[in-house]
Amino acid sequence: ETGVTQSPTHLIKTRGQQVTLRCSSQSGHNTVSWYQQALGQGPQFIFQYYREEENGRGNFPPRFSGLQFPNYSSELNVNALELDDSALYLCASRTSGGELEQFFGPGTRLTVL
Amino acid sequence: GQNIDQPTEMTATEGAIVQINCTYQTSGFNGLFWYQQHAGEAPTFLSYNVLDGLEEKGRFSSFLSRSKGYSYLLLKELQMKDSASYLCASYGGATNKLIFGTGTLLAVQP
């Protein structure tokens with residue numbers, strides 16, 4: 001069974017640029033959530049995808065957008081990057097059934113200069 | 001609304017027992033999770049409580065009181081490798097999402 005993977009591991013961008021982060025969910029998991037974790041803070045929920053549709057969103061502006069593909073992998077896109085977007089971006093997957101446990105990927109460390 | 005509160009830092013001694021408390025306010029509450037996160041790594045699942053009471057898993061136990069909006073994580077026989085951040089997260093709300101606290105940074109000393 002393959003766990004959750006994310007790419008890239010690290011990324012450096014400049015203010016105003018756009019970035020795409022990728023996530024492959026664990027085998028058999030059809031629900032993917034994205035989180036932003038600033039240094040010294042807990043993960044903050046960005047949004048959740050189920051069967052290629054966004055079905056939940058946290059307090060993040062529209063420049064944070066996402067996609068889920070038929071194989072349940074997912075992308076997080078951030079436009080017009082700001083310095084405060086520097087954080088660890090975590091992807092987590094789970095099944096849509098009774099099991100609520102989410103399995104996290106290793107994260108992508110984004111630095112905005 | 002949803003709010004999680006847990007201590008920022010704790011220190012304990014190797015071999016001892018430590019209890020990390022968490023209070024929450026979550027509409028449509030569906031359960032309470034505890035995750036462990038080592039520096040620079042992803043959170044890893046420790047426990048999940050949906051009903052009142054104690055769940056035990058080896059050296060780790062978690063307790064939930066839904067009426068009080070309160071949970072704790074109990075770590076026994078502390079080891080140096082237990083030094084990490086412990087994240088309390090409530091599950092619920094209109095879209096059934098995980099809301100995390102800021103985490104409790106536990107330092108285990110010899």
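Convention: sequence-line order gives letters A, B, ...; per-chain numbering from 1. Values below: every heavy atom of this structure, side chains too, minus hydrogens, waters and symmetry copies.
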Quiz item: Where does A:Pro106 contact chain B at under 4.5 Å (heavy atoms): side chain, backbone, both or neither?
Solution: backbone
Quiz item: Does CG in A:Asn71 sit with more than 12 non-hydrogen atoms of other residues, nucleotides or ligands closer than 6.0 Å?
Solution: yes
Self-check item: A:Glu101 side, atom CD; B:Phe33 side, atom CZ - distance, nearest 0.5 Å
Solution: 7.0 Å
Quiz item: Around A:Leu83, counting heavy atoms of other residues, nucleotides and ligands shown, do more than 12 lie under 6.0 Å from its CG?
Solution: yes
Quiz item: Around A:Arg51, counting heavy atoms of other residues, nucleotides and ligands shown, do more than 12 lie under 6.0 Å from its CZ?
Solution: no
Quiz item: With the 4.5 Å side-chain cut-off for hydrophobic clustering, are B:Leu46 and B:Leu32 part of the same group?
Solution: yes
Practice problem: Please check if atom CZ in A:Arg63 has more than 12 non-hydrogen atoms from other residues, nucleotides or ligands closer than 6.0 Å. | Solution: yes
Practice problem: Would you kindly confirm whether A:Leu88 and A:Phe64 end up in one hydrophobic cluster when ILVMFWY residues are joined by side chain heavy atoms under 4.5 Å apart? | Solution: no
Quiz prompt | Region of A:Gln102 that comes under 4.5 Å of a non-hydrogen atom in chain B | solution = both
Exercise. To the nearest 0.5 Å, tell me how far A:Arg94 CZ sits from B:Leu98 CG.
Key: 8.5 Å
Self-check item: B:Phe100 side, atom CZ; A:Tyr35 side, atom OH - distance, nearest 0.5 Å
Solution: 5.0 Å
Quiz item: Taking everything shown except A:Gln18 itself, do over 12 heavy atoms lie less than 6.0 Å from its CD?
Solution: yes
Exercise. Please list all pairs passing the ring-ring contact (aromatic ring centres under 6.0 Å, His included) test where one or both residues lie in residues 51-86 of chain B, with sequence neighbours left out.
Key: B:Phe63-B:Tyr72
Self-check item: Part of A:Phe47 lying under 4.5 Å from any heavy atom of chain B
Solution: neither
Quiz item: Could you name the residues of residues 101-110 of chain B that have a heavy atom within less than 4.5 Å of a heavy atom in chain A?
Solution: B:Gly101, B:Thr102
Quiz item: Which heavy-atom pair separates B:Lys97 from A:Arg57 by the least distance, and what is that distance?
Solution: NZ-O, 3.7 Å
Exercise. Considering non-hydrogen atoms only, spot the tightest contact between B:Leu87 and A:Gly42 and give its length.
Key: CD2-CA, 4.1 Å
